[in-house]
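Each remark here refers to the structure printed beneath this line.
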Amino acid sequence: MNFNEFQLHDHLIQAIHRCGYTAPTPIQQQAIPFILDGRDFLGLAQTGTGKTAAFILPTVQRLMAAPGKQVRALVIAPTRELAEQINEFTQTIVRHTGLRSLAIYGGVSKSGQIAEIRRGIDIVIACPGRLLDLHRDGAVDLTHVEVLILDEADHMFDKGFLPDIRRIVRQLPIKRQNLVFSATMPHEIKHLAENILNDPTTVQINPSRSVQSIAHRLFSVDQSQKISLLMYLLSEESMATTLIFTRTKHKAKQLAQKLVHAGFMATSLQGNLSQNKRQQALDGFKNGTYTILVATDIAARGIDVTGISHVINFDVPDTAEAYIHRTGRTGRAGCTGDALTFATGEDNRLVHIIKRSLGKSMSCQDMPKLPDLYSPAHHPKASINTAAAFQSIPKGTEKSSRDSRKQPRRAAQLNIFGLPTAARSKKK
Ligand code: AMP
């Protein structure tokens with residue numbers, strides 16, 4: 001099957017080529033015809049399946065077909081990063097169509113967003129809080145919305161956004177098309193979907209099982225050995241682009257600082273950072289300035305960075321679902337990936353639950369022989385000064401260390417199914 005079969009507008013076909021897509025993914029094959037027909041749609045699909053294009057392409061086609069008053073399409077997303085990512089893709093698609101899109105989220109000044117809305121915006125991609133805020137200020141009119149899209153609905157529920165979403169929905173015209181995407185279907189989302197959707201078509205694309213291309217490895221480790229093990233693995237295994245998850249914001253920041261101090265090109269992404277810093281960290285990880293990103297679960301979902309070779313759970317996630325989301329950041333785009341988990345004795349119950357829900361085995365790794373303090377002297381292959389990581393870290397040293405001698409290189413940028421990357425963010 002190819003995209004021509006959907007009879008999309010020429011501008012959209014050209015945009016799809018610009019993205020480097022040759023054939024629709026399964027969710028696109030199944031969703032696009034129904035959405036083009038104007039049907040309500042429930043897609044059970046994770047990020048990485050191509051769902052953004054599945055809802056943006058037919059929505060843009062609909063808006064191009066007939067003029068209307070702004071704002072005409074509203075996408076609600078749970079995180080600022082995801083809203084930004086969807087907007088980047090949308091801007092690639094709407095180029096030359098005369099339509100305009102905008103991401104709206106908190107943590108940055110309202111005035112820029114208000115000025116953009118005044119210039120005229122057809123497609124708003126918003127996080128719930130700031131959208132309601134602007135609506136209360138009278139800065140955004142939602143009475144002309146023709147299409148409502150809820151992306152990552154289950155994550156919105158986790159974040160406690162459902163009351164906000166209900167408030168937003170009350171501001172919309174009753175007659176509209178509704179599309180809901182969710183990786184899983186907890187009771188509350190089922191209820192919300194039933195309220196919002198009108199006779200929907202439902203499509204399920206492997207909603208909760210881990211991607212087959214990921215190898216899952218488990219290290220049983222004492223809390224005190226985790227950093228030594230991490231340094232050892234980063235030095236001894238060839239890790240191109242690595243996403244490390246910690247349980248707390250503070251730990252993410254501290255660990256990134258330790259890695260920088262040890263000579264790695266690392267940074268952190270966590271909720272204590274300003275929105276600008278968060279975006280800088282993510283952009284730096286995407287463009288290869290940093291080869292290691294230490295993050296909390298704000299990076300577990302939705303974030304699409306091509307070529308992540310390794311995900312390391314420095315701390316075991318709280319739920320099996322979070323494990324699937326975290327590890328789903330690797331093994332994308334037709335590449336293989338490695339998911340490494342450091343588990344202490346206290347994590348046994350969680351590990352058991354994760355193993356059961358994974359649908360494939362997790363290989364238990366022998367603990368490498370680590371010296372008390374892992375250092376290049378003990379491991380001649382390592383060229384970085386890992387011993388330094390254990391010294392106290394001066395404030396403000398968390399930044400790229402381009403000067404370190406031998407760094408893991410960034411993986412080749414491939415897109416889903418092994419195509420050269422669409423480089424959404426670069427083709428703006
Ligand atoms: P998403 O699930 O929307 O976050 O998309 C995951 C990744 O798949 C992104 O890097 C997209 O650019 C890419 N992608 C989406 N659709 C296609 C397609 N039809 N062919 C190749 N890559 C795609």
Side-chain angles (χ1 to χ4, degrees), residues 1-6 8 12-33 35 41 43-60 75 77-79 81-93 101 103 125 149-155 179-184 203-208 210-211 213-214 241 243 282-283 285-287 299-308 324-335 337 411-428:
M1 186 176 201
N2 67 41
F3 281 100
N4 291 332
E5 292 176 39
F6 300 131
L8 295 169
L12 298 187
I13 295 292
Q14 282 157 19
I16 290 165
H17 288 152
R18 275 202 299 280
C19 291
Y21 303 171
T22 48
T25 65
I27 185 77
Q28 291 161 6
Q29 286 175 29
Q30 299 194 52
I32 291 175
I35 302 177
F41 187 86
L44 296 171
Q46 312 183 358
T47 43
T49 52
K51 67 184 166 58
T52 314
F55 60 75
I56 289 295
L57 288 169
T59 300
V60 171
V75 183
T79 65
E81 286 76 10
L82 184 58
E84 195 56 62
Q85 194 171 284
I86 296 170
N87 188 38
E88 282 176 13
F89 177 73
T90 307
Q91 293 197 335
T92 309
I93 297 300
S101 73
I125 300 116
I149 300 157
L150 300 186
D151 196 13
E152 305 231 337
D154 50 348
H155 195 193
L179 318 174
V180 175
F181 288 82
S182 192
T184 53
V203 164
Q204 178 161 344
I205 306 283
N206 289 336
S208 59
S210 174
V211 181
S213 51
I214 304 172
T241 305
L243 179 57
L282 193 58
D283 289 345
F285 190 52
K286 282 184 178 176
N287 67 28
R301 296 190 186 224
I303 299 309
D304 177 38
V305 178
T306 38
I308 294 178
I324 306 264
H325 285 296
R326 284 183 179 188
T327 56
R329 302 306 101 209
T330 183
R332 291 159 79 85
C335 299
Q413 296 244 330
L414 294 176
N415 211 323
I416 198 168
F417 311 131
L419 293 165
T421 183
R424 281 188 208 164
S425 52
K426 291 177 192 129
K427 291 201 168 185
K428 272 199 273 186

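Remember, predicted model here, so these are calculated numbers, not experimental data. Counting starts at 1 for both ligands and their atoms, following the listed order.
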Item checked: Minimum-distance pair of heavy atoms, taken over all atoms of Ala53 and Pro58 -> O-CD, 3.8 Å
State the atoms of ligand 1, each with its element, that fall below the 4.0 Å cut-off from a heavy-atom position in [X].
X     : value
Thr25 : 16 (N), 17 (C), 18 (C), 19 (N)
Ala23 : 18 (C), 19 (N), 20 (N)
Thr52 : 1 (P), 3 (O), 4 (O)
Phe3  : 19 (N)
Thr49 : 2 (O)

Next item on the list: Can you figure out which of Phe55, Tyr21, Phe181 has its heavy atom closest to atom 11 (C) of ligand 1?
Entry: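 That would be Tyr21.
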Notebook entry, point to check: So between Gly50, Gly20, Gly328, whose heavy atom ends up nearest atom 5 (O) of ligand 1?
Noted result: Gly50
Notebook entry, point to check: Would you say the ring centroid of Phe41 lies under 6.0 angstrom from that of Phe55?
Noted result: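 Not close enough - the centres of the two rings lie 6.0 Å or further apart.
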Note to self: Looking at Glu88, is its backbone amide N or carbonyl O close enough to the side chain of Gln91 to form a donor-acceptor pair, meaning the two atoms are under 3.5 Å apart?
What the structure shows: no
Checklist line | N/O donor-acceptor pair under 3.5 Å between Thr330 side chain and Ile308 backbone | finding: yes
Next item on the list: Name all residues meeting the side-chain hydrogen bond (donor to acceptor under 3.5 Å, both in side chains) criterion together with Asp154; count only those two or more places apart in sequence or in a different chain, and write none if there are none.
Entry: Ser182, Thr184, Arg301
Notebook entry, point to check: For Thr59, what residues pass the side-chain hydrogen bond (donor to acceptor under 3.5 Å, both in side chains) criterion, not counting sequence neighbours?
Noted result: none
Margin query: Below 3.5 Å, N or O to N or O, backbone or side chain included: is there any such pair between Gln85 and ligand 1?
Written below: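 Among all N and O atoms of Gln85, none is under 3.5 Å from an N or O of ligand 1.
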Notebook entry, point to check: What about Gln28: any of its N or O atoms under 3.5 Å from an N or O on ligand 1?
Noted result: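 Indeed, backbone or side chain, Gln28 has an N or O that close.
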Notebook entry, point to check: Atom CG of Asp151 and atom CD of Gln85: how far apart are they, to the nearest 0.5 Å?
Noted result: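 Result: 9.5 Å between the selected atoms.
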Check: Under a heavy-atom criterion of less than 4.0 Å, does Phe89 contact ligand 1?
Finding: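 Contact absent.
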